[in-house]
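Presented below is the structure to which this report refers.
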Amino acid sequence: MDIQENKAIYRTREEWEARVHRSGINKEISKERCEALTKSGNACAVECYNGTFVGLRSFNDQTDEVFSWKGIPYAFQPIGERRFKKAELQYDSLDKKSSTIYEAFYYGKSSLQPVDASEASSMYMQGDDCLTLAIYRAGKPYDDGKSHPVLVYFHGGGWSYGSTCEPIYDGTTFVHNNPDIIVVCVTYRLGLMGQINLSKYDENDEYEYSTNNGLLDQRCALQWIQDNISEFGGDPNNVTICGESAGGGSVSLQCLLGKDDYEKGRYFTLFHNAIAMSGGINQVTTWEDSKLLTQRLMEDCKYDSLQKLLDAPFEELAAWWQNNHILMNYPILDGKVLPDNVVSLYAKFSSPEIKEIPMIQGATTNEFAYYRSAFTDEQFNTICANVDKLVTSRGKVLDDYKEAVVNLYKKMHPDTPLSDEEIVKLELTNDYALQGINYRQLGLIGNTGRTYAYAFDIPYEGDTGLYSLYSKIEAAHGVDCFYLFGNFDGRKCHGSRDAVNFSKNFQRYIADFCKYGKLGDNDIWQPYIVDEKDEKDKKDENNENNILLLTQDKDEYHFLRTNDFAARITTYNKLVEVNADLLNLKPWSFFLTENHR
């Protein structure tokens, strides 16, 4: 590979696709080749327990001091008999390091996912052998002799899409702006590879954890990070996990599984802080529902045994998933990795152990707008009507919620043409889909002094680049990722100078949280407070909630501490308490069928 290829510019999806098709597989290299690369100053070799990995310097004019290591395997690859098995580290002990040297020039493969023009990761190489991560840091390890906090990012994509190769997740800009943080992005198994119920066919329980391989992949990656990140100058005793959408669900569920782990005779503390963006513990599938996906796969493909499924060519499974991915499948309530029912899931999330974890919980203010653009008006109305049917207990609780929703929406959108009825229809679906779980989790873990909350109300700006879809919608699902990673340069998507500066300020909050597990002595972003009082009993409005509102007024960007969400959060949590069906998220295909109940 010509190292200068790392400077490639791709402004359109076509250019990205062309770039992807030029990418390669990291190869084993000789010691002499490694020395030649590192001597040039444009590469850096890092010795880990499963090999030495040679990363590259970025050649972007703004970030030429940043190094990246891409496609590092963190586990035995799940191929052959390991397909559907729990991920395992490639080494059993810390007594000896592998002497093999590998390139770390290219991103690892994406997990199985349907090819879709709106998902860059789906156009990248796919395969069973996808358990890799990418590491970004400013300067070479030990240049400054310090041990840096580590931000580990789990990508989104509805547990069906995503990979470290997505341009939006490139950590170069973040570490350039925050050189005291190391960023790690993780690829994990998705779809039927990541969570599938094989209980009917697995007579010896060899694949008992197949129900939650995606989550267990992430834990294996965190184990690898504990063992190896110090070689990159990272601090294994200060790891923050972060993610958006399915990544936010991943973070929430990892908190549920616990910070500590025991594997191969060793204890790990996997992480110390958590940031859940637009995702929560409601992204789960019941045991019974999970059986239906497996049954359909086995019948359609005419597999009569587990061995047939293990031997099936990857391309054959990919072809089936391409036509059936609308079924979706989230982590499964299996009674082993996760509790076996939704009630226990929420009860566990409110436990003292969870409340001890410093956490940022946030969402955008118009989450469903991202999905709205994918549906016809008829489909959208069907979804909204069927979500409304989940609210079986009505009366004052529902009336209070409607009033709070309409008041907040009109305050934030004073020129809205929507009627009160239309606002309620939109926002109930918003809350059921993604915003509500944010409110619910805040209600369960607030008042600890360790939880922070934000509401992101800035629409994506720009009309070109890979993510041009976002120029057509408001502060929708996923928009905060652009500001988190700061990827507004011409390679990914566009943003004004003010947007870039605002992104840098947002990143500083995140970096401070990674360093200290709190946000210091600032007057703007204070720990979240659960509003437990009725509206009529409130005396000091300024002391409630402390949500950070990231908003835009004409051309100016603002960080504001607000209590405007207090009534909406309180009334939604009361609504959920008497309507348990709102706790269990279903794929949109579920709501587009007439017999959904």
Side-chain angles (χ1 to χ4, degrees), residues 48-51 53 69-94 97-98 102 104 107-112 127-135 150-155 159 162-164 183-191 193-196 206-232 234 236 239-243 246-247 249-272 274 331-332 334 336-338:
C48 301
Y49 282 101
N50 57 330
F53 299 95
W69 294 261
K70 299 172 181 176
I72 296 179
Y74 59 81
F76 285 113
Q77 295 306 315
I79 57 179
E81 296 297 313
R82 287 186 181 272
R83 178 186 276 177
F84 304 119
K85 279 194 174 181
K86 179 182 176 182
E88 292 184 30
L89 295 171
Q90 294 170 293
Y91 47 90
D92 291 325
S93 72
L94 304 184
K97 291 185 176 180
S98 170
Y102 302 94
Y107 292 111
K109 293 180 182 178
S110 295
S111 177
L112 174 71
D128 284 304
D129 49 336
C130 63
L131 301 187
T132 63
L133 48 77
I135 300 174
V150 182
L151 176 64
V152 179
Y153 191 82
F154 301 130
H155 64 76
W159 303 92
S163 173
T164 55
V183 170
V184 182
C185 296
V186 177
T187 295
Y188 53 94
R189 278 176 282 184
L190 304 170
M193 297 300 193
Q195 36 272 332
I196 185 171
E206 292 183 68
Y207 297 86
E208 60 180 329
Y209 296 110
S210 65
T211 47
N212 285 293
N213 274 329
L215 284 172
L216 297 176
D217 291 346
Q218 295 166 4
R219 291 185 83 75
C220 188
L222 291 169
Q223 292 170 8
W224 187 95
I225 290 166
Q226 282 298 306
D227 288 340
N228 295 282
I229 201 63
S230 59
E231 299 300 325
F232 296 84
V239 174
T240 299
I241 55 174
C242 176
S250 297
V251 168
S252 300
L253 291 169
Q254 291 297 346
C255 290
L256 196 88
L257 298 182
K259 296 190 299 181
D260 300 322
D261 208 354
Y262 180 80
E263 195 71 32
K264 292 187 175 181
R266 293 196 292 137
Y267 286 97
F268 299 84
T269 296
L270 300 179
F271 60 93
H272 308 84
I332 297 169
D334 56 2
K336 295 177 180 178
V337 179
L338 296 175

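Each residue takes its place number in the sequence, starting with 1.
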**OP:** Evaluate the criterion salt bridge (Lys or Arg N to Asp or Glu O under 4.0 Å) for residue pair Arg82 and Glu206; output intermediate values, then yes/no.
**Re:** CA-CA 10 Å; Arg82 287 186 181 272; Glu206 292 183 68; over 6 Å; no

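- Environment of OH in Tyr102: crowded, with over 12 heavy atoms of neighbouring residues, nucleotides or ligands closer than 6.0 Å.
- Closest heavy-atom contact between Gly249 and Trp159: C-CZ2, 4.3 Å.
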Original post:
Would Ile135 and Val183 count as a side chain to side chain contact (heavy atoms under 4.5 Å, CB included) if you check the C-alpha gap in whole Å, the side-chain angles of each, and the deciding distance to 0.1 Å?
Top reply: CA-CA 6 Å; Ile135 300 174; Val183 170; over 6 Å; no

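- Side-chain contact between Pro236 and Ile225 is absent, with no heavy atoms from C-beta onward closer than 4.5 Å.
- At least one side-chain heavy atom of Val152 sits under 4.5 Å from a side-chain heavy atom of Val239.
- For the pair Asp217 (side chain) and Ala221 (backbone), a donor-acceptor distance under 3.5 Å is absent.
- Contact check on Arg266 versus Asp227 returns a salt bridge, with a Lys/Arg side-chain nitrogen under 4.0 Å from an Asp/Glu carboxylate oxygen.
- Here the closest heavy-atom approach between residue Pro73 and residue Trp224 is recorded as O-NE1, 3.8 Å.
- Using a 4.5 Å heavy-atom cutoff, the side chains of Phe154 and Thr187 are not in contact.
- Side chains of Leu131 and Pro78 form a contact here, defined as non-hydrogen atoms less than 4.5 Å apart.
- In terms of modelled atom types and a separation under 3.5 Å, the side chain of Gln195 and the main chain of Asn213 share no donor-acceptor contact.
- Rounding to the nearest 0.5 Å gives a distance of 7.0 Å between CG of Leu190 and SG of Cys130.
- Not a single donor-acceptor pair under 3.5 Å links the side chain of His155 to the backbone N or O of Thr164.
- Going from atom OG of Ser250 over to atom OH of Tyr153 covers 10.0 Å, rounded to the nearest 0.5 Å.
- With contacts defined as side-chain heavy-atom distances shorter than 4.5 Å, the pair Phe271/Leu222 qualifies.
- Formation of a donor-acceptor pair under 3.5 Å by the Gln226 side chain with backbone atoms of Thr269 is found in this model.
- For the atom pair CG of Leu216 and NZ of Lys336, the computed distance is 11.5 Å after rounding to the nearest 0.5 Å.
- By the 4.5 Å heavy-atom criterion applied to side chains, Pro331 and Leu253 are counted as neighbours.
- With no hydrogens or angles considered, no side-chain donor-acceptor pair links Asp129 and Gln77 at under 3.5 Å.
- Remark: the backbone N or O of Ile332 is paired with a side-chain donor or acceptor of Asn212 at under 3.5 angstrom.
- Under a 3.5 Å cut-off, the side chain of Ser210 and the backbone N or O of Ile196 do form a donor-acceptor pair.
- A heavy-atom distance below 4.5 Å is not found between the side chains of Tyr267 and Asp261.
- Rounding to the nearest 0.5 Å places CG of Asn50 at 6.0 Å from CG of Asn228.
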Subject >> From CA spacing to verdict: salt bridge (Lys or Arg N to Asp or Glu O under 4.0 Å), Lys86, Glu263 >> reply: CA-CA 12 Å; Lys86 179 182 176 182; Glu263 195 71 32; 3.3 Å; yes

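- Val150 and Gly234 make their closest contact through CG2-CA, 3.9 Å (heavy atoms, listed as atom of the first residue, atom of the second, distance).
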**OP:** Please report the C-alpha distance between Val184 and Leu151 in whole Å, then the side-chain angles of each, then the deciding distance to 0.1 Å, and finally whether the side chain to side chain contact (heavy atoms under 4.5 Å, CB included) criterion is met.
**Re:** CA-CA 6 Å; Val184 182; Leu151 176 64; over 6 Å; no

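- In this structure, Glu81 has no salt bridge (Lys or Arg N to Asp or Glu O under 4.0 Å) partners at least two apart in sequence or on a different chain.
- For Gly51 against Ser98, the heavy-atom pair with the smallest separation is N-CB, 3.6 Å.
- The shortest heavy-atom contact between Gly108 and Ser163 is O-OG, 4.4 Å.
- Between Val186 and Tyr74 the shortest side-chain heavy-atom distance falls below 4.5 Å.
- Judged purely by atom type and a 3.5 angstrom limit, Thr211 has no side-chain atom pairing as donor or acceptor with the backbone of Asp334.
- Taking the six-membered ring for Trp and the full ring otherwise, Tyr207 and Phe84 have centroids separated by 6.0 Å or more.
- The backbone N or O of Ser111 lies less than 3.5 Å from no partner atom in the side chain of Tyr188, so there is not a single donor-acceptor pair.
- Nearest heavy-atom pair, Thr240 versus Ala274, reported as atom, atom and distance to 0.1 Å: CG2-N, 4.2 Å.
- Ring geometry for Tyr91 against Tyr49 counts as tilted: the plane angle lies between 30° and 60°, on a 0 to 90° scale.
- Between the side chain of Gln254 and the backbone N or O of Leu215 there is at least one donor-acceptor pair closer than 3.5 Å.
- Applying side-chain hydrogen bond (donor to acceptor under 3.5 Å, both in side chains) to Asp128 and the options Arg189, Lys109, Arg83 leaves one that passes, Arg83.
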